[in-house]
Engineer: 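Have a look at the structure that comes next, please.
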Amino acid sequence: MARNKIALIGSGMIGGTLAHLAGLKELGDIVLFDIADGIPQGKGLDIAQSSPVEGFDVNLTGASDYSAIEGADVCIVTAGVARKPGMSRDDLIGINLKVMEQVGAGIKKYAPNAFVICITNPLDAMVWALQKFSGLPKNKVVGMAGVLDSARFRLFLAQEFNVSVQDVTAFVLGGHGDTMVPLARYSTVAGIPLTDLVQMGWVTKERLEEIIQRTRDGGAEIVGLLKTGSAYYAPAASAIEMAEAYLKDKKRVLPCAAHLTGQYGVKDMYVGVPTVIGAGGVERIIEIDLNKAEKEAFDKSVASVAGLCEACIGIAPSLK
Ligand code: APR
């Protein structure tokens, strides 16, 4: 059987890390694409030269022409600009929307059957625009945010409790940004909800609130440390988990920015919700009951995503 083909559109810090991880996991042949000529070719060659050492058989190529992504099974989009200190994800909207228009056209022409994972920020608005620009089915275009946000939450919780990250699950809803909604009663240590752990004296409510806030600010904390760009190892690992779920039809239950058609009271928007990812793309959206406080926080998050989509329509009226 021929290998799968994975197109990485954008070969910067996340793109290069994606290529490395996809190679190590032998997910398929990899095409790195970027407008900066030489970068995708150079990174592709460098990673390919690690393959005899690591022992993986995958073709890695770099290109600056969209025809190279032809027939891709998965496209992971990181093209655009990343944040610098002092910038919010929303500050990237003008530049990155134009990039999504070009990327959408390229995918529409050369990889219309692909499963598309968008990482470019501001995520919920960019994935919404990318789906419209590309015209691909809505269940085949998703945004990566929830896996990363919940990974950050899981790490901080595991460190707090001094337990394995493997035994901590986390549940995060809403947009990728300051309004994301980590749900304590659905986040657990080996099945024990955080709300119970508060009662058991493992953590105080106040400390838990601090951890939740650190999770919301997880991206900004790294931007502040790096100073020259934003996080890339954990975002890349998160998107690879989603790609693997699709390629191997694993039916993973993963939080993703998915197109909603009335679930949670939201229509024609991408917002972070629990989904099932398998060979059909987003095969199911899981709708849970939210209590009053959770619903308020979720609605606030949705309103901020809606504001970004409106701003996009202001720049590109064809998105309406
Ligand atoms: N087409 C293709 N590639 C492009 C385009 C375009 N129109 N415009 C920019 N790029 C490329 C850049 O040349 C660069 O190599 O996108 C790449 C982005 O890489 P980085 O600047 O290193 O950014 P990275 O850290 O990878 O983040 C990418 O993901 O998490 C988000 O906020 C982050 O929006 C940012 C994106």
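Computed from heavy atoms alone, side chains included, the values below leave out hydrogens, waters and symmetry copies. Atoms within a ligand are numbered from 1 in the order they appear, just like the ligands themselves. A quick note: this is a predicted structure, and the numbers were derived from the prediction, not measured.
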Engineer: Is Tyr232 close to ligand 1, meaning an N/O of one under 3.5 Å from an N/O of the other?
Structural biologist: no
Engineer: Is a side-chain N or O of Ser11 found less than 3.5 angstrom from the main chain of Phe33, in a donor-acceptor match?
Structural biologist: yes
Engineer: For residues 177-234, pull every pair meeting ring pair (Phe, Tyr, Trp, His ring centres under 6.0 Å), keeping only residues two or more places apart or in separate chains.
Structural biologist: Phe161-Trp202, Phe171-Tyr186
Engineer: Could you check whether any side-chain N or O of Thr78 sits under 3.5 Å from a backbone N or O of Gly10, counting only pairs where one atom can act as donor and the other as acceptor?
Structural biologist: yes
Engineer: Please answer whether the main-chain N or O of Asp37 pairs with a side-chain N or O of Gln41 as donor and acceptor at a distance below 3.5 Å.
Structural biologist: no
Engineer: Note the single closest protein heavy atom to atom 3 (N) of ligand 1, along with its residue, its atom name and the distance in Å.
Structural biologist: Ala79 CB, 3.4 Å
Engineer: With a 3.5 Å cut-off and no angle check, do the side chains of Asp65 and Ser67 form a donor-acceptor pair?
Structural biologist: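 Yes, Ser67 and Asp65 have a side-chain donor paired with an acceptor closer than 3.5 Å.
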Engineer: With heavy-atom distances below 4.0 Å as the criterion, list the atoms of ligand 1 near Phe33.
Structural biologist: 2 (C)
Engineer: Starting from atom 23 (O) of ligand 1, what is the nearest protein heavy atom, named by residue and atom, and what distance separates them?
Structural biologist: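 Scanning the protein heavy atoms, the shortest distance from atom 23 (O) of ligand 1 goes to Ala82 CB, 3.7 Å.
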Engineer: Side chain or backbone, does Val99 bring an N or O within less than 3.5 Å of an N or O on ligand 1?
Structural biologist: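 Not met; the criterion fails.
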Engineer: Do Arg207 and Glu210 sit within salt-bridge range, that is, some charged N less than 4.0 Å from a carboxylate O?
Structural biologist: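 Yes, this pair counts.
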Engineer: Which atoms of ligand 1 have any heavy atom of Gln102 under 4.0 Å away?
Structural biologist: 6 (C), 7 (N)
Engineer: Taking 4.0 Å as the limit for heavy-atom contacts, which would you say applies to Met13 with ligand 1: side chain only, backbone only, both, or neither?
Structural biologist: both
Engineer: Going by side-chain hydrogen bond (donor to acceptor under 3.5 Å, both in side chains), Asp149 matches just one of Arg216, His176, Arg154. Which one?
Structural biologist: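 Per the side-chain hydrogen bond (donor to acceptor under 3.5 Å, both in side chains) rule, the option paired with Asp149 is His176, out of Arg216, His176, Arg154.
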Engineer: Ignoring hydrogens, just give me the one of Gly80, Gly10, Gly229 whose non-hydrogen atom is nearest atom 18 (C) of ligand 1.
Structural biologist: Gly80
Engineer: List every atom of ligand 1 that sits less than 4.0 Å from any heavy atom of Thr120, numbering the atoms from 1 in the order shown and giving each element.
Structural biologist: 29 (O), 34 (O)
Engineer: For Asp34, is at least one N or O under 3.5 Å away from an N or O on ligand 1?
Structural biologist: yes
Engineer: Counting only nitrogen or oxygen atoms and a 3.5 angstrom limit, does Ile14 reach ligand 1?
Structural biologist: yes
Engineer: Enumerate the atoms of ligand 1 whose separation from the nearest heavy atom of Val81 is less than 4.0 angstrom.
Structural biologist: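 That gives atoms 34 (O), 35 (C) of ligand 1.
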Engineer: Does ligand 1 have any atom that is closer than 4.0 Å to a heavy atom of Asn96?
Structural biologist: yes
Engineer: Is Lys251 salt-bridged to Asp249, going by a charged N under 4.0 Å from an acidic O?
Structural biologist: yes
Engineer: Side chain or backbone, does Asn121 bring an N or O within less than 3.5 Å of an N or O on ligand 1?
Structural biologist: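 Yes, at least one N or O pair falls under 3.5 Å.
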Engineer: Please state which protein non-hydrogen atom is closest to atom 19 (O) of ligand 1 and give its distance, to 0.1 Å?
Structural biologist: Gly12 CA, 3.2 Å
Engineer: Please test Lys292 against Glu296 for salt bridge (charged side-chain N to carboxylate O under 4.0 Å, His left out), starting from the C-alpha separation and ending with a verdict.
Structural biologist: CA-CA 6 Å; Lys292 193 162 169 280; Glu296 273 171 21; 3.4 Å; yes
Engineer: Any N or O on Val103 sitting closer than 3.5 Å to an N or O of ligand 1?
Structural biologist: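 So ligand 1 has no N or O lying under 3.5 Å from an N or O of Val103.
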Engineer: Under 4.0 Å, counting heavy atoms only: does Pro235 come that close to any atom of ligand 1?
Structural biologist: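 Judged by the 4.0 Å heavy-atom criterion, Pro235 does not count as contacting ligand 1.
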Engineer: Heavy-atom distance under 4.5 Å between the side chains of Met126 and Leu97, does that happen here?
Structural biologist: yes
Engineer: For atom 1 (N) of ligand 1, tell me which residue out of Thr78, Ile35, Ile39 has the closest non-hydrogen atom.
Structural biologist: Ile35
Engineer: Determine, for Lys132 against Asp268, whether the closest basic-nitrogen to carboxylate-oxygen distance falls under 4.0 angstrom.
Structural biologist: yes
